[in-house]
Amino acid sequence: MLVGLAIAGWVVCVEYEAFELLVEYLEEAEEYELDEVLLMFMLLGLAGFVFAIRRWRELQKEMIARRKAERSVVWAAQHDTLTQLPNRHFLNKFADSTSAHDGKAQKPLTVLAVDLDGFKKVNDLVGHEGGDMLLKEIARRLDDVTPEQIVFRLGGDEFLVVCEGVNSESAEELANDIVMRISEPCPVFGIQVEVGACVGIAVVPGHADNLKSGIRCADAALYHAKRRGRGTIAVFSEEMGAILAERARLENMLQHAVKHNLIEMHFQPLVDLKTQKTVGFESLARWILADGSTISPDVFIPVAEESGLIIELSDQLFRKACEAAATWPSDIMLSFNISPSQLTDRRLGLRLIKILQETGLPPSRLELEITESGIIADLETATGTLTDLSNAGIKISIDDFGTGYSSLAHLSRIDFDKIKIDQSFVGSFATDPRQRKIVTAVIAMSRGLGIATTAEGIEEMSQLEEFRAIGCDGGQGFLFGRAMPAKEVHGFLGGKTAAENIATEA
Ligand code: C2E
Ligand code: CA
Ligand code: CA
């Protein structure tokens with residue numbers, strides 16, 4: 001508008017010869033020095049013009065910088081800062097836009113869900129910085145697999161590869177290639193570190209109608225691959241979908257049960273084989289549904305572990321077990337099972353001790369049962385946690401001994417008080433001479449180390465006698481009694497010995 005007005009003014013001035021008139025007037029009124037004033041205004045105008053151009057250019061620059069910043073904020077929100085790969089947010093948008101083609105012919109896609117094996121160990125070995133370096137290298141290797149693909153990093157050690165036009169067979173080849181590339185050693189701070197990977201595969205269309213459900217299918221396949229072990233590849237099948245849906249249903253139910261404190265503790269007697277007296281009880285979780293049916297702890301404990309509910313559930317169960325045990329005679333021990341995943345929790349000891357204090361059960365009356373897999377998963381943390389517990393006066397026993405990766409190295413690192421010989425050995429003891437030799441040797445070795453032994457799953461009198469004869473200290477099994485509700489424990493104890501109880505049961 002200003003420029004328009006200036007031009008219009010200029011035209012009028014030209015039309016009326018305004019400049020000539022002005023010059024004439026200035027000459028006539030020479031004594032007022034108006035020409036100098038006019039010159040000053042002209043120079044000021046020129047300066048203003050230059051200033052305006054410079055300001056305009058600055059604004060231009062600011063606008064460009066702002067647009068750039070806006071673009072980089074969007075970029076950062078959709079990418080993983082460490083590996084520069086697109087993240088879950090990007091994947092959701094991408095899946096939405098690809099899935100919008102529903103019904104129309106769309107390009108076939110293959111989804112490969114990738115999860116690293118043993119990444120946590122590497123992190124422990126080379127620290128987080130080293131772990132980050134490894135992740136960057138793995139991102140680079142994945143990005144190189146095929147040209148027609150997008151690689152996403154979905155979280156810690158989870159990646160997703162989406163590629164165009166690959167069928168199930170070539171997808172398996174691709175997955176093998178991914179596992180091989182990831183498994184190549186990688187130097188980090190001068191140490192050759194190695195991780196593995198599991199891959200879940202789904203193809204769209206085929207396993208799913210669109211990319212969004214394709215991702216869920218690949219996840220289900222990955223879940224199965226991981227359960228089968230390291231370096232495994234699994235292609236999605238309907239069955240997997242059903243299993244996963246069932247698991248999700250169970251997880252929901254479990255969440256409800258934990259929230260409303262519905263899971264109970266039952267107690268199975270632990271007996272001294274020499275005196276046949278009940279010396280303690282192992283607490284076993286019992287989930288009884290409203291219709292009277294039950295879900296086995298073998299089923300729901302793993303779900304609680306995988307869904308992160310185990311800490312809350314275990315605290316609830318431990319409190320119930322301690323409340324019951326605090327009412328028992330002071331020489332009766334409580335055995336409580338600790339899940340493998342709990343041993344990596346550095347606050348486990350603190351929480352257990354707090355509950356012991358609140359319920360009034362002395363630590364010396366508590367024995368924790370842990371399995372070898374819990375120790376192996378993270379030896380350092382597990383050793384620390386167990387040493388703290390041991391120092392607090394709590395006893396530690398190895399559960400299901402003989403079924404895991406038993407190693408003398410582990411036995412020597414942790415101060416165990418007891419070994420519970422797995423029931424599979426008890427069952428085959430009479431018929432399998434090799435098993436018999438192993439059990440006899442384990443009992444002799446434990447004796448030498450001053451570690452007590454308990455045989456699990458004693459169902460028959462002959463087993464009781466055999467184990468007593470080879471020097472096993474304790475026993476547990478249906479012969480002595482099944483797990484019972486807390487209210488039945490006092491009646492069960494009722495001054496009777498286990499032998500009398502066996503006689504009564506018979
Ligand atoms: P576990 O610690 O090895 O517990 C012993 C299992 O053997 C119990 O099964 C018990 O009922 C069963 N059993 C005892 N005596 C006999 C016998 O003479 N014959 C036979 N055939 N079986 C016998 P349950 O109660 O089904 O528990 C299964 C597993 O679930 C337990 O194995 C334990 O690993 C886990 N679990 C149970 N309660 C808890 C808990 O509160 N916390 C955690 N973390 N795990 C638990
Ligand atoms: Ca146990
Ligand atoms: Ca056991």
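Residue numbers run from 1 in the order of the sequence given. Counting starts at 1 for both ligands and their atoms, in listed order.
- Residue E369: no N/O/S atom is found under 3.0 Å from the Ca ion (ligand 3).
- Ligand 1 has an N or O atom lying under 3.5 Å from an N or O atom of A285, backbone or side chain.
- Within ligand 1, counting atoms from 1 as listed, the ones closer than 4.0 Å to a heavy atom of E459 are 17 (C), 18 (O), 19 (N), 20 (C), 21 (N).
- Across the listed options G457, S335, S339, P297, S339 owns the non-hydrogen atom lying nearest to atom 44 (N) of ligand 1.
- Within the model, atoms CG of D115 and CG of D157 stand 4.5 Å from one another, a figure rounded to the nearest 0.5 Å.
- Listed by atom number, the atoms of ligand 1 under 4.0 Å from E282 heavy atoms are 2 (O), 4 (O).
- Taking the charged nitrogens against the carboxylate oxygens, D345 and R351 do have a contact shorter than 4.0 Å, which makes a salt bridge.
- Residue contacts with ligand 1 for L284 involve both N, CA, C or O and side-chain atoms from C-beta outward (heavy atoms, distance under 4.0 Å).
- Counting protein heavy atoms only, atom 28 (C) of ligand 1 is closest to D298 OD1, 3.3 Å.
- The ligand atoms of ligand 1 that sit less than 4.0 angstrom from a heavy atom of L317 are 41 (O).
- Taking 4.0 Å as the cut-off between side-chain N and carboxylate O, E306 and R227 count as a salt-bridged pair.
- Comment: D117 engages K226 in a salt bridge, judged by a side-chain N to carboxylate O separation of less than 4.0 angstrom.
- Salt bridge status for K320 with E323: absent, with no side-chain N to carboxylate O gap under 4.0 Å.
- Atom OE2 is the N/O/S atom of E282 found closest to the Ca ion (ligand 2).
- Judged by the shortest distance from any of its heavy atoms, H266 lies outside the 4.0 Å radius around the atoms of ligand 1.
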Legend entry - Working for side-chain contact (heavy atoms from CB on, under 4.5 Å), residues T454 and I421: CA-CA 6 Å; T454 291; I421 299 164; over 6 Å; no
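- Proximity of a side-chain donor or acceptor of T327 to a complementary backbone N or O of A324 within less than 3.5 Å is detected.
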Legend entry - V279 vs D331, side-chain contact (heavy atoms from CB on, under 4.5 Å): CA-CA, chis, key distance, verdict: CA-CA 7 Å; V279 289; D331 57 342; over 6 Å; no
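- With a 4.0 Å heavy-atom cut-off, ligand 1 is reached by no atom of T371.
- In summary, no N, O or S atom of D400 is located under 3.0 Å from the Ca ion (ligand 2).
- There is no protein heavy atom closer than 4.0 angstrom to atom 34 (O) of ligand 1.
- Here F492 and F267 keep their ring centres 6.0 angstrom or further from each other.
- Taking the charged nitrogens against the carboxylate oxygens, R153 and E158 have no contact shorter than 4.0 Å, which rules out a salt bridge.
- At a cut-off of 3.0 Å, D422 is not counted among the residues with an N, O or S atom near the Ca ion (ligand 3).
- Under a 4.0 Å criterion applied to the non-hydrogen atoms of Q423, ligand 1 contributes the atoms 7 (O), 12 (C), 13 (N), 19 (N), 20 (C), 21 (N), 22 (N), 23 (C).
- Taking a cutoff of 4.0 Å between a charged side-chain nitrogen and a carboxylate oxygen, K136 and D132 do not qualify as a salt bridge.
- With contacts defined as side-chain heavy-atom distances shorter than 4.5 Å, the pair Q276/L464 qualifies.
- Some N or O of R286 is nearer than 3.5 Å to an N or O of ligand 1, by distance alone.
- Remark: minimum distance from atom 2 (O) of ligand 1 to any protein heavy atom is reached at D399 OD2, 2.9 Å.
- A salt bridge does not link D315 with R319: none of the charged nitrogens is closer than 4.0 Å to a carboxylate oxygen.
- For I301, every heavy-atom contact with ligand 1 shorter than 4.0 Å involves the side chain, none the backbone.
- Residue Q268 touches ligand 1 through its side chain alone, judged by heavy-atom distances below 4.0 Å.
- Taking every heavy atom of E456 and a limit of under 4.0 angstrom, the matching atoms of ligand 1 come to 3 (O).
- Salt-bridge formation is not detected for the pair E369/K418: no Lys NZ or Arg NE/NH1/NH2 atom is positioned less than 4.0 Å from an Asp or Glu carboxylate oxygen.
- Taking 4.5 Å as the limit, some side-chain heavy atom of L334 sits within range of a side-chain heavy atom of S283.
- For atom 9 (O) of ligand 1, the nearest protein heavy atom lies 4.0 Å or farther away.
- Among the backbone and side-chain atoms of N337, an N/O/S atom is found under 3.0 Å from the Ca ion (ligand 2).
- Backbone or side-chain N, O or S atoms of D399 reach the Ca ion (ligand 2) at under 3.0 Å.
- Inclusion of F478 in the set of residues having an N or O under 3.5 Å from an N or O of ligand 1 is warranted.
- When each atom of ligand 1 is checked for a heavy atom of M265 under 4.0 Å away, the hits are 41 (O).
- In terms of polar-atom proximity, N337 is counted as a contact of ligand 1, with an N or O under 3.5 Å from an N or O of the ligand.
- Of the protein's heavy atoms, at least one falls inside 4.0 Å of atom 38 (N) of ligand 1.
- If you number the atoms of ligand 1 from 1 as listed, the ones under 4.0 Å from a heavy atom of D400 come out as 3 (O).
- For E456, the N/O/S atom at the shortest distance from the Ca ion (ligand 3) is named OE2.
- Between the CZ atom of R468 and the CG atom of D473 there is a distance of 12.5 Å, given to the nearest 0.5 Å.
- Looking at K354 and E358, a side-chain N of the basic residue comes within less than 4.0 Å of a carboxylate O on the acidic one, giving a salt bridge.
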